[in-house]
Undergrad: 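Below is one structure. I have some questions about it.
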Amino acid sequence: MAVPSGFVGTMLILFGVVVLAGVVEAKSRAFFVFGDSLVDSGNNNYLATTARADSPPYGIDYPSRKPTGRFSNGRNIPDLISEGMGAESVLPYLSPQLKGDNLLNGANFASAGIGILNDTGAQFIYVEKKSWSSYVSLLMITLILQLNIIRMYRQLDYFEEYQQRVSILIGVGRAKKLVNQALVLITVGGNDFVNNYYLVPYSARSRQFSLQDYVKYLIVEYRKLLMRLYDLGARRVLVTGTGPMGCVPAELAMRGTNGGCSAELQRAASLYNPQLQHMIQGLNKKIGKDVFIAANTARMHNDFVNNPAAYGFTTSRIACCGQGPYNGIGLCTPLSNLCPNRNLHAFWDPFHPTEKANRIIVEQIMSGSKRYMKPMNLSTVLALDATK
């Protein structure tokens with residue numbers, strides 16, 4: 001008996017849906033990334049912005065030996081977390097390759113330059129003074145507008161759009177399950193100090209708020225972002241604090257106090273990070289589950305910043321790539337000073353850690369004690385979730 005062609009077409013469609021459903025079950029859990037340049041894997045490459053890492057020597061130690069948009073000599077924190085979970089790195093959301101089966105791995109929505117607040121990242125200033133000493137001359141003051149970046153509200157809009165795309169691919173129910181079972185990483189907050197409150201003397205936000213009140217304001221706004229993530233289906237969210245903002249090479253060069261870290265930025269970090277952890281604990285208590293996992297990245301950074309030799313670094317003050325004092329001025333470019341061995345430097349450029357430093361951070365995220373991870377580390381999370 002002849003089989004109607006319409007029946008064959010319908011069966012093929014149903015077969016395709018079943019195959020895709022099986023793919024979802026078999027794959028590692030999806031991974032979603034939100035935040036700033038510390039976790040941006042290349043979204044800004046697709047934007048008309050100067051906040052990009054798409055030219056050498058960025059990526060010099062990445063497997064392809066080419067710049068990818070990561071603000072690193074090699075892999076960044078999301079790459080290394082994926083590696084720790086036995087999965088491939090997720091693609092930037094704006095990548096043309098993020099379609100079909102690749103969508104089921106998750107996506108990276110992060111964008112360099114953004115902060116918790118929408119006005120963070122509106123501009124960066126790189127100050128290159130006329131003279132640091134009798135034998136060094138500097139270049140200029142450059143104001144770089146950063147209007148075309150993916151601010152946090154837009155990253156969450158894209159997350160909602162992502163779910164619609166996946167629902168078309170595998171169905172609403174399975175898309176919801178994929179998101180509920182996913183791991184989420186969010187890294188944001190440092191730019192709200194470095195490129196907002198302390199961007200220039202008497203900045204708009206510093207005139208509006210005392211530092212203590214500004215920190216409280218940031219925590220309130222961050223809480224709204226985390227609750228929206230939860231409302232969009234996120235059920236396991238790693239939330240990182242800021243590192244020792246006053247000790248990065250850029251701040252040593254521009255705002256260092258008596259040859260040391262910037263006292264004001266260190267004070268900001270000491271106020272912000274404990275309040276962030278307290279807010280996360282409150283959210284979990286309200287929800288009744290340990291949805292949000294606090295990563296004490298300030299302590300993780302401080303370990304190798306304060307004692308670089310213990311981690312195999314020769315310096316935690318001088319960036320590998322840059323110019324000026326501490327190689328902390330301006331951008332990392334093909335014309336910058338470049339160290340021959342990135343493994344000896346804790347910082348790759350004026351703001352961002354090397355791949356080796358990122359590995360130390362991720363080791364603590366994966367297996368660190370409660371001094372670093374509250375209420376539990378990622379290995380414990382993965383083991384608990386594997387039993388469900």
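Residue indices begin at 1 and follow the sequence shown.
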Undergrad: Counting only heavy atoms not in Lys356, do more than 12 fall under 6.0 Å of its NZ?
TA: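 It does: Lys356 NZ has more than 12 such atoms within range.
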
Undergrad: Do Leu38 and Tyr58 belong together in a cluster built from hydrophobic side chains that touch within less than 4.5 Å?
TA: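 Looking at the clustering, Tyr58 is in a separate group from Leu38.
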
Undergrad: Tell me, with the steps shown, if Arg359 and Glu363 meet salt bridge (charged side-chain N to carboxylate O under 4.0 Å, His left out).
TA: CA-CA 6 Å; Arg359 284 191 179 278; Glu363 284 171 8; over 6 Å; no

Undergrad: Walk me through it: do Asp119 and Asn196 pass the test side-chain contact (heavy atoms from CB on, under 4.5 Å)?
TA: CA-CA 8 Å; Asp119 58 299; Asn196 192 328; 3.0 Å; yes

Undergrad: Taking everything shown except Gln208 itself, do over 12 heavy atoms lie less than 6.0 Å from its CD?
TA: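 More than 12 within 6.0 Å, yes.
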
Undergrad: Treating Arg151 as the side-chain partner and Asn118 as the backbone partner, does any N or O pair qualify as donor plus acceptor under 3.5 Å?
TA: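 At least one qualifying donor-acceptor pair exists.
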
Undergrad: Does any N or O in the side chain of Asn191 come within less than 3.5 Å of the main-chain N or O of Ile114, such that one atom is a donor and the other an acceptor?
TA: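 Yes.
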
Undergrad: Between Asn44 (side chain) and Ala51 (backbone), is there a donor-acceptor pair under 3.5 Å?
TA: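 Yes: the side chain of Asn44 pairs with the backbone of Ala51.
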
Undergrad: Please test Asn377 against Thr380 for side chain to side chain donor-acceptor pair (under 3.5 Å), starting from the C-alpha separation and ending with a verdict.
TA: CA-CA 5 Å; Asn377 60 41; Thr380 304; 2.9 Å; yes

Undergrad: Step by step, work out the side chain to side chain donor-acceptor pair (under 3.5 Å) result for Ser379 and Ser367.
TA: CA-CA 6 Å; Ser379 293; Ser367 57; 5.6 Å; no

Undergrad: If we ignore hydrogens and angles and just use 3.5 Å, is the side chain of Arg235 paired with the main-chain N or O of Asn180 as donor and acceptor?
TA: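 Side chain of Arg235 to backbone of Asn180, a donor-acceptor pair under 3.5 Å: no, none is there.
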
Undergrad: Checking side chain to side chain donor-acceptor pair (under 3.5 Å) for the pair Thr120/Asp192: CA distance, chi angles, key distance, verdict?
TA: CA-CA 6 Å; Thr120 293; Asp192 293 287; 2.6 Å; yes

Undergrad: Just by distance, do the side chain of Thr314 and the backbone of Leu344 share a donor-acceptor pair under 3.5 Å?
TA: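 The answer is yes, because a donor-acceptor pair under 3.5 Å joins these two groups.
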
Undergrad: May I ask you to check whether Phe71 and Phe351 place their ring centres under 6.0 Å from each other?
TA: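 No: the rings miss the under 6.0 Å criterion.
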
Undergrad: Taking it one step at a time, do Arg228 and Asp157 satisfy salt bridge (charged side-chain N to carboxylate O under 4.0 Å, His left out)?
TA: CA-CA 10 Å; Arg228 187 169 177 217; Asp157 287 346; 2.9 Å; yes

Undergrad: Out of Tyr202, Phe209, Tyr214, which one pairs with Tyr197 under the ring pair (Phe, Tyr, Trp, His ring centres under 6.0 Å) rule?
TA: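 That would be Tyr214.
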
Undergrad: For the aromatic rings, using the six-membered ring if either is Trp, is the centroid distance between Tyr272 and Phe193 under 6.0 Å?
TA: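 They qualify: ring centres under 6.0 Å apart.
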
Undergrad: Would Leu331 end up clustered with Leu252 when hydrophobic side chains under 4.5 Å apart are linked, directly or stepwise?
TA: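 Unlinked, Leu331 and Leu252 end up in two clusters.
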
Undergrad: Using modelled atom types only, decide if a donor and an acceptor are shared between the side chain of Asn73 and the backbone of Glu355 within a distance under 3.5 Å.
TA: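 Between the backbone of Glu355 and the side chain of Asn73 there is a qualifying donor-acceptor contact (under 3.5 Å).
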
Undergrad: Is the cationic atom of Arg154 (NZ for Lys, CZ for Arg) positioned less than 6.0 Å from the six-membered ring centroid of Tyr158 and within 45 degrees of its normal?
TA: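 The answer is yes, since Arg154 meets both limits relative to Tyr158.
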
Undergrad: Would a distance-only check, ignoring hydrogens and angles, find a side-chain to backbone donor-acceptor pair under 3.5 Å from Arg65 to Tyr62?
TA: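 Judged by distance alone, yes, a pair lies under 3.5 Å.
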
Undergrad: Taking the side chain from Arg255 and the backbone from Ala253, do they hold a donor-acceptor pair closer than 3.5 Å?
TA: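 No, the answer is negative, given that no donor and acceptor are paired below the 3.5 Å cut-off.
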
Undergrad: Go through Cys320 and Cys339 one step at a time and tell me if the disulfide (SG to SG under 2.5 Å) criterion holds.
TA: CA-CA 5 Å; Cys320 172; Cys339 68; 2.0 Å; yes

Undergrad: Residues in side chain to side chain donor-acceptor pair (under 3.5 Å) with His345, at least two apart?
TA: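 Here no residue qualifies.
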
Undergrad: Hey, what do you get for CD (Gln163) to NZ (Lys176), rounding to the nearest 0.5 Å?
TA: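 The CD atom of Gln163 sits 10.0 Å away from the NZ atom of Lys176.
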
Undergrad: Which residue pairs pass the side chain to side chain donor-acceptor pair (under 3.5 Å) test with at least one member in residues 281-306, sequence neighbours excluded?
TA: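 For residues 281-306: Asp303-Tyr372.
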
